[in-house]
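Each ligand, and each atom within it, is numbered from 1 in the order the structure gives.
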Amino acid sequence: MKSGEQYGFAKINLHLDVTGRRDDGFHTVKTVMQSLTLCDKIIFTPRSDGELTLSCNVPGVPLDESNLVCRAVRAYSKVRGINIGGDIVIEKNIPMAAGLAGGSADAAAMLKVLKEIDPVGIPIARLYGIASELGSDVPFCIAAGTAVGGGKGDVLRPLSDMPDCTVVVACGKEGVSTPMAYAMLDKKYDGFRTGAYEPRSTVALKRALDDGDIFGVAANMYNIFEEPISAVRAEVGQIKEAMLSGGAIGAMMSGSGPSVFGIFTDDSLAQKVVERLGDMGIFACICKPQK
Ligand code: ATP
C-alpha cells in the first residue's frame, strides 16, 4: 500500500430531534446535518512491520486502540482479511467532545484514505457498513455536504446544498459527554419510549434549503438538546447571545453540545464576533459550509 491523506470535516446539526427510544436504550433521531470547512487531516504512511502508531498535534486525544482512527483501520483490515500497519498523523483543528463529530470525521477520513490506497478495495456499501458500526455520525462524515439522517443518524438522504453564508463555530471550555446529554433528555421527556413525544417537523427547513433561502434556514433550526444543556453549561447561552447581538441571522447549539454555531451573511460581522468571543476567552473560528 502507498501513503495517503484525507480531510475529515466537522458537522453541525441544523435540526436535531429525538423520534423514539428503542428497547436496547438507543435513541432514534431525525437530524439535518451540514459539513463545514473546519476540518482535521489524516496522514497515513504504511509500515512493513504491521505496527500501527498514532500521533496528534493537540494533547488530550487518545493515542491508543480506543481512537476511532485506529478502530477504523482495524475494522477495515478485518473486512479485507489483512493486517494494515502504518504511522498515522492526526492534524486536529475540530474541538473535541463539542458536538462537532471530530472523532467521527477522523474515522471517516481514515476510511477514505484506505479506500484510496487499497489496490483491492471493498464495495462502497461495505465501507458505509464499517462506518456505521464505528459510530452513527461516521457515514455522514464520509458523505459530507447536506443530508437528513434517520435511525441513529446513520440512514442518510442527501438534501439541497446549504445556501452560501459564513459560519462562526464557538466552543466553551467544558465538554459534554453524549451519554450524559441523552440521560438529561430522558429525564425531561418521558414520551420517547411510549411514542407520546411528537418530534418537530423539518418541512420548513428543507423547503428553505431547496429555495436557497439562508434566512429561512436560519429561522427554522432546532436542537432538542439546546435547552437542557444550556441549563448546565452557561457558556452556551452566552455564546449564542454574543452571536445574535453581533449580527448572526441565526445561532444554535450543535449536536449534544456545547459548541454553538452562528450563521452570518456579512463576513466582517462574523470576524468581529470571533474577536469578541476570543476576548471572552472562548475558542471561535470562521468557516463555510462544505459541499
Ligand atoms: P460524539 O457526539 O460522537 O460524542 P463529539 O463531536 O461530541 O462526538 P469527539 O470530538 O468525537 O466529540 O470526541 C468524543 C470522544 O471521543 C473524545 O473525548 C475522545 O475520548 C474520543 N475519541 C476517539 N477518537 C477520537 C479522535 N480521533 N478525535 C477526537 N476524539 C476521539
Side-chain angles (χ1 to χ4, degrees), residues 5-13 16-18 26-27 29 31 33-36 38-44 52-76 86-114 130-142 144 149 151-154 169-185 223-226 228-229 232-233 235-236 252-261 283 285 287:
E5 54 184 55
Q6 286 281 346
Y7 293 100
F9 302 101
K11 72 91 219 208
I12 50 173
N13 302 83
L16 178 55
D17 206 352
V18 171
F26 262 112
H27 293 78
V29 298
T31 177
M33 293 174 279
Q34 175 63 49
S35 305
L36 298 178
L38 171 64
C39 60
D40 293 348
K41 188 176 182 184
I42 299 293
I43 305 161
F44 177 82
L52 204 54
T53 73
L54 271 188
S55 59
C56 184
N57 59 322
V58 300
V61 177
L63 296 177
D64 57 13
E65 290 286 332
S66 72
N67 193 298
L68 274 170
V69 171
C70 241
R71 290 177 51 208
V73 176
R74 300 298 184 206
Y76 188 96
D87 296 319
I88 302 167
V89 178
I90 305 174
E91 281 182 17
K92 193 157 258 309
N93 302 299
I94 305 172
M96 284 218 304
L100 296 168
S104 303
D106 296 350
M110 188 67 238
L111 290 176
K112 287 192 289 180
V113 167
L114 292 170
I130 298 174
S132 184
E133 281 161 27
L134 289 170
S136 37
D137 285 338
V138 185
F140 173 72
C141 289
I142 292 183
K152 288 190 279 172
D154 55 346
V169 176
C171 191
K173 284 168 236 36
E174 210 181 340
V176 172
S177 94
T178 307
M180 178 198 100
Y182 273 105
M184 290 178 78
L185 281 192
N223 183 346
I224 188 174
F225 288 102
E226 191 180 79
I229 298 298
V232 292
R233 296 284 185 272
E235 282 173 320
V236 170
M252 177 72 46
M253 193 181 80
S254 183
S256 52
S259 66
V260 175
F261 62 92
F283 166 87
C285 67
C287 54

Worksheet entry | Gly135 to ligand 1, any heavy atom closer than 4.0 Å | no

Worksheet item: So does Tyr7 have more than 12 non-hydrogen atoms from other groups sitting under 6.0 Å from OH?
Response: no

Discussion item. In the structure I gave you, are the side-chain heavy atoms of Arg74 and Leu52 within less than 4.5 Å of one another anywhere?
Written reply: yes

Worksheet item: Just distances here: any N/O of Leu100 and N/O of ligand 1 closer than 3.5 Å?
Response: yes

Practice prompt. Considering heavy atoms of the protein only, find what lies nearest to atom 2 (O) of ligand 1 and give residue, atom and distance to 0.1 Å.
Written response: Thr178 OG1, 3.0 Å

Worksheet item: Can you list the steps and then say if Leu54 with Val61 is a side chain to side chain contact (heavy atoms under 4.5 Å, CB included)?
Response: CA-CA 10 Å; Leu54 271 188; Val61 177; over 6 Å; no

Worksheet item: Leu100 versus Phe261: any side-chain heavy-atom pair under 4.5 Å?
Response: no

Worksheet item: Among protein heavy atoms, which lies nearest atom 21 (C) of ligand 1, and at what distance?
Response: Pro62 CG, 4.2 Å

Worksheet, complete the sentence: Ranked by distance from atom 24 (N) of ligand 1, the top protein heavy atom is Leu68 N, 3.0 Å

Fill in: Val176 N/O to ligand 1 N/O under 3.5 Å
no

Worksheet, complete the sentence: Counting heavy atoms under 4.0 Å, the part of Ala107 that contacts ligand 1 is neither

Worksheet item: Hey, is Lys92 one of the residues with a heavy atom under 4.0 angstrom from ligand 1?
Response: yes

Practice prompt. Considering non-hydrogen atoms only, spot the tightest contact between Lys11 and Asn13 and give its length.
Written response: NZ-OD1, 2.8 Å

Worksheet entry | atom 30 (N) of ligand 1: nearest protein contact (heavy atom, Å) | Met96 SD, 3.5 Å

Practice prompt. Report the part of Asn67 in contact with ligand 1, treating N, CA, C, O as backbone and CB onward as side chain, heavy atoms under 4.0 Å; options are side chain, backbone, both, neither.
Written response: both

Response to the item:
for atom 13 (O) of ligand 1, nearest protein heavy atom and its distance come out as Ala97 N, 3.5 Å

Worksheet item: Is there side-chain contact between Ser254 and Asn223, with at least one heavy-atom pair below 4.5 Å?
Response: no

Practice prompt. Provide the closest heavy-atom pair for Ser136 versus Lys152 in the form atom of the first, atom of the second, distance.
Written response: CB-O, 2.9 Å

Worksheet, complete the sentence: Among non-hydrogen protein atoms, atom 11 (O) of ligand 1 lies closest to Gly103 N, 2.8 Å

Item to complete: Could you tell me whether the side chain of Val113 reaches within less than 4.5 Å of the side chain of Ile88, counting heavy atoms only?
Response: no

Discussion item. Using a 3.5 Å cut-off on N or O atoms only, is Ala101 in polar contact with ligand 1?
Written reply: yes

Worksheet item: Stepwise, does the side chain to side chain contact (heavy atoms under 4.5 Å, CB included) test hold for Ile90 with Ile42?
Response: CA-CA 5 Å; Ile90 305 174; Ile42 299 293; 3.8 Å; yes

Item to complete: Using modelled atom types only, decide if a donor and an acceptor are shared between the side chain of Asp106 and the backbone of Val69 within a distance under 3.5 Å.
Response: no

Worksheet item: Looking at atom 5 (P) of ligand 1, what's its closest protein heavy atom, distance included?
Response: Gly99 N, 3.7 Å

Worksheet item: Would a 4.0 Å cut-off, counted as strictly less than, catch a protein heavy atom around atom 17 (C) of ligand 1?
Response: no

Worksheet item: At a 4.0 Å threshold, what atoms of ligand 1 neighbour a non-hydrogen atom of Gly102?
Response: 6 (O), 10 (O), 11 (O)

Discussion item. Go through it in stages, so that I can follow the logic: the residues are Val232 and Met184, the test is side chain to side chain contact (heavy atoms under 4.5 Å, CB included), and I'd like the CA-CA distance, side-chain angles, deciding distance and then a yes or no.
Written reply: CA-CA 10 Å; Val232 292; Met184 290 178 78; 3.8 Å; yes

Discussion item. Under 4.0 Å from a heavy atom of Asp106: which atoms of ligand 1 are those, numbered in the order shown and with their elements?
Written reply: 26 (C), 27 (N), 28 (N)

